[in-house]
Amino acid sequence: MARSGWEGMLHDHHKKEVIRIERESVIPVLKPHLIITLTNLIKHSADRVEFLKLCKRIEYTIRAWYLLQFEDMMQIYSLFDPVSGAQKLEQQKIPREEVDVLEQNFLAYLFEVMKKSNFKIATQEEIDIALSGQYLLNLPITVNESKLDKVLLKKYFQTHPQDNLPDFHDKYIIFRRGIGIEQTTDFFIMEKVDMLIARFWSYVLRITGLEKFFYGRSKGSGTKDPKKEDELESEDYQDDVYERIRLEKMPLRIGSLLNKNTIQEPTFDRIIVVYRPASTKSKQERGIYVKHFKNIPMADMEIVLPEKKNPGLTPMDWVKFLGSAIVGLAAVGSSLDVDKADLRVIGAILSTVIGYFVKTYFTFQQNLVQYQNLITQSMYDKQLDSGKGTLLHLCDDVIQQEVKEVIISFFILMEQGKANRQDLDKLCEELIKDEFGESCNFDVDDAVQKLEKLGIVTKDVINRYQCVGLKRANEIIGTTTEELVLKARQGNTSP
């Protein structure tokens, strides 16, 4: 089984910058494709018919298991929906103490659904690693914490303590699931110029000893333990490795300014952010925001943060301003010491300094426009849904994942015979890899638990599992309500 969390950022012997991430439990195969593929692997046509019937009955049964739980969650959330929740609370006149209990109940439901959907809370270490690079966002983004409620989530984690929570867990929570890759190819002329200037000033600050004065903790510390890195590279863990390619690590020179470059960044396939705005003197805020995003580059994760402050100049911009001013004033001062100061020389120096100020300002404005474009894109292109729509999506995710786990594990036992949990786990992962070309950390414990609950597996004295026959499995689950409805519908429509 894989470890929980990330092991950080590593550099291999070829100087590639990579992130090693635990392989996730989500099965990245569409359920219809999964069922059709497995059915076609069955030799006898009669067994294929029974297997298809079993797959439907498994889905109908699992959906029924979760129906009441999902309905309770949705009904409670209707009271905390930012759009209409306040009106419903006012109409029902629920006492404040009961509202406090209800909102904690909703969070308990939500966090359980997140877990079943294989979403994980992003830890502070993971966020630091994600933000240790730079992709398309070139401005420092921070959250205006005064605009966020600090009671709701703090109270929840006091009664439901968890390890490795991020520093901001009392104000908002970021859930993540799935990892992808995004590439961008462009000339990046302004970025390259800015990078060359930044490298020059970094060199100046380093040799003058002023580096620590201007730079506190940088965007994501990315601190690594060399000993830990050696251990990670030597041990065989069930992890996936994703490479970062960014301008900061490229050998840039003046001649390469007009060359196209491709940068690459791992992405969070799905991100869900949960928070509540702060109450004001005139309004008690009860709305709970649940926002769902897709394909967010790790290094640009700030674009999904709630209540972002307007970005300002970066520390490097201030270094450029101050450094240029010092150099310019020193040059002008040395010119004035001459008996007959050449006004043309002074003018040229001042023009250069002022021009550099203007260039830095317009670079900042360009970054600001790019930031605003990224925010707009995240709202329209990358935001999947929010509120009730996100919850409905999560509920369906849970059902699809649970159904796929049961079908795969039953198919393996049907084809391979008896197997203990460890062997079943390995065989299920191999099946997913061989037939679908996908990798996942199969959650065998959850799958076996549901098989036992359905009553379609048995366990011997040495803890080996064996499934019942296909026909018997269909008899044990029995005819579902959905099947009766379909039969009735077919009977009404038949001539």
Discussion item. Under the criterion side chain to side chain contact (heavy atoms under 4.5 Å, CB included), I'd like the reasoning laid out for Ile245 against Met250: C-alpha separation, chi angles, the key distance, then a yes or no.
Written reply: CA-CA 8 Å; Ile245 302 174; Met250 293 181 182; 3.7 Å; yes
### Query
Taking it one step at a time, do Ile296 and Thr267 satisfy side chain to side chain contact (heavy atoms under 4.5 Å, CB included)?
CA-CA 5 Å; Ile296 301 298; Thr267 63; 5.9 Å; no
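- Taking CD1 of Ile27 as the reference point, atom CD1 of Ile407 lies at 9.5 Å (rounded to 0.5 Å).
- In terms of heavy-atom proximity, Cys395 sits nearest to Met73 at SG-CE, 3.6 Å.
- Atom CZ of Arg23 is separated from atom CD1 of Ile179 by 13.0 Å, given to the nearest 0.5 angstrom.
- The CG atom of Asp425 sits 8.0 Å away from atom CG of Asp445, with the distance rounded to the nearest 0.5 Å.
- Distance check, rounded to the nearest 0.5 Å: CD1 of Ile462 to CG of Asn420 gives 8.5 Å.
- Residues meeting the side chain to side chain donor-acceptor pair (under 3.5 Å) test with Glu405, sequence neighbours left out: Gln401, Lys450.
- The aromatic ring centres of Phe111 and Tyr156 sit less than 6.0 Å apart.
- Residues passing the ring pair (Phe, Tyr, Trp, His ring centres under 6.0 Å) test with Phe70 are Tyr66, sequence neighbours excluded.
- Annotation: the span from Gln264 atom CD to Thr185 atom OG1 amounts to 10.0 Å, rounded to 0.5 Å.
- When atom types are taken as modelled, the side chain of Arg177 and the backbone of Lys120 share no donor-acceptor pair closer than 3.5 angstrom.
- Smallest separation of non-hydrogen atoms from Ile272 and Met114: CG2-CE, 3.2 Å.
- Side-chain contact between Phe168 and Val143: absent, with no pair of heavy atoms (C-beta onward) separated by less than 4.5 Å.
- Enclosure of atom CD in Gln422 is not indicated, since only 12 or fewer non-hydrogen atoms of other residues, nucleotides or ligands lie within 6.0 angstrom.
- In terms of modelled atom types and a separation under 3.5 Å, the side chain of Asp81 and the main chain of Tyr77 share no donor-acceptor contact.
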After noting the C-alpha distance and the side-chain angles of Leu131 and Glu302, does the key distance pass the side chain to side chain contact (heavy atoms under 4.5 Å, CB included) rule?
CA-CA 8 Å; Leu131 299 180; Glu302 300 103 319; 3.6 Å; yes
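- Using a 4.0 Å cut-off between charged side-chain N and carboxylate O, Arg57 and Glu483 make a salt bridge.
- Ion pair Glu17/Arg246 flagged as a salt bridge, since at least one NZ, NE, NH1 or NH2 atom sits closer than 4.0 Å to an Asp/Glu carboxylate oxygen.
- Note on Lys150 versus Asp170: no salt bridge recorded, every NZ/NE/NH1/NH2 to OD/OE distance being 4.0 Å or above.
- No more than 12 heavy atoms of other residues, nucleotides or ligands shown are found within 6.0 angstrom of CG on Leu30.
- Looking only at distances, no side-chain donor or acceptor of Ser25 sits under 3.5 Å from a matching main-chain atom of Phe442.
- Listed here is the closest heavy atom pair of Lys308 and Ile303: NZ-O, 3.3 Å.
- Cys55 has its side chain out of reach of Val403: every pair of non-hydrogen atoms, C-beta onward, lies at least 4.5 Å apart.
- No side-chain heavy atom of Asn261 sits under 4.5 Å from any side-chain heavy atom of Asp186.
- Using a cutoff of 4.0 Å between basic side-chain nitrogens and carboxylate oxygens, Glu429 and Lys433 are not scored as salt-bridged.
- Counting heavy atoms from C-beta on, the side chains of Asn164 and Glu125 never come closer than 4.5 Å.
- Gln104 places no side-chain N or O within donor-acceptor distance of the main-chain N or O of Phe106, the cut-off being under 3.5 Å.
- Aromatic ring orientation, Tyr275 versus Tyr289: parallel (interplanar angle below 30°, classes split at 30° and 60°).
- Among all heavy-atom pairs drawn from Lys404 and Val29, the shortest one is NZ-O, 2.8 Å.
- For Ile62 against Val406, the heavy-atom pair with the smallest separation is CD1-CG2, 3.9 Å.
- Salt bridge present: Lys382 and Glu182 bring a charged side-chain N and a carboxylate O closer than 4.0 Å.
- The existence of a salt bridge linking Lys116 and Asp446 is confirmed by a sub-4.0 Å separation between a basic side-chain nitrogen and an acidic carboxylate oxygen.
- The closest donor-acceptor contact from the side chain of His169 to the backbone of Pro166 lies under 3.5 Å.
- Salt bridge annotation for Arg176-Glu126: present, with a cationic side-chain nitrogen under 4.0 angstrom from a carboxylate oxygen.
- Annotation: side chain of Asp72 is not in contact with side chain of Gln69 (no heavy-atom distance under 4.5 Å).
- By the 4.5 Å heavy-atom criterion applied to side chains, Trp65 and Glu402 are not counted as neighbours.
- No side-chain heavy atom of Tyr172 sits less than 4.5 Å from a side-chain heavy atom of Glu307.
- Residues Tyr135 and Thr184 have side chains that bring a donor and an acceptor to within less than 3.5 angstrom of each other.
- Judged as a salt bridge (charged side-chain N to carboxylate O under 4.0 Å, His left out), not a single pair has a partner in residues 37-53 (not counting sequence neighbours).
- For the pair His292 and Ser386, the minimum side-chain heavy-atom distance is 4.5 Å or more.
- None of Gln183, Arg244, Gln134 except one satisfies the side-chain hydrogen bond (donor to acceptor under 3.5 Å, both in side chains) rule with Glu265; the exception is Arg244.
- Remark: Lys260 is positioned above the aromatic ring of Phe187, its terminal NZ or CZ atom under 6.0 angstrom from the ring centre and at most 45 degrees off the axis.
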Steps toward side chain to side chain contact (heavy atoms under 4.5 Å, CB included) verdict (Ile476, Val468): CA-CA 10 Å; Ile476 291 172; Val468 301; 4.2 Å; yes
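- Using a cut-off of 4.0 Å between Lys/Arg side-chain N and Asp/Glu carboxylate O, Arg286 and Glu103 are scored as salt-bridged.
- In terms of heavy-atom proximity, Thr390 sits nearest to Val290 at OG1-O, 3.6 Å.
- To the nearest 0.5 Å, atoms CD1 (Ile141) and CG (Leu305) are separated by 8.5 Å.
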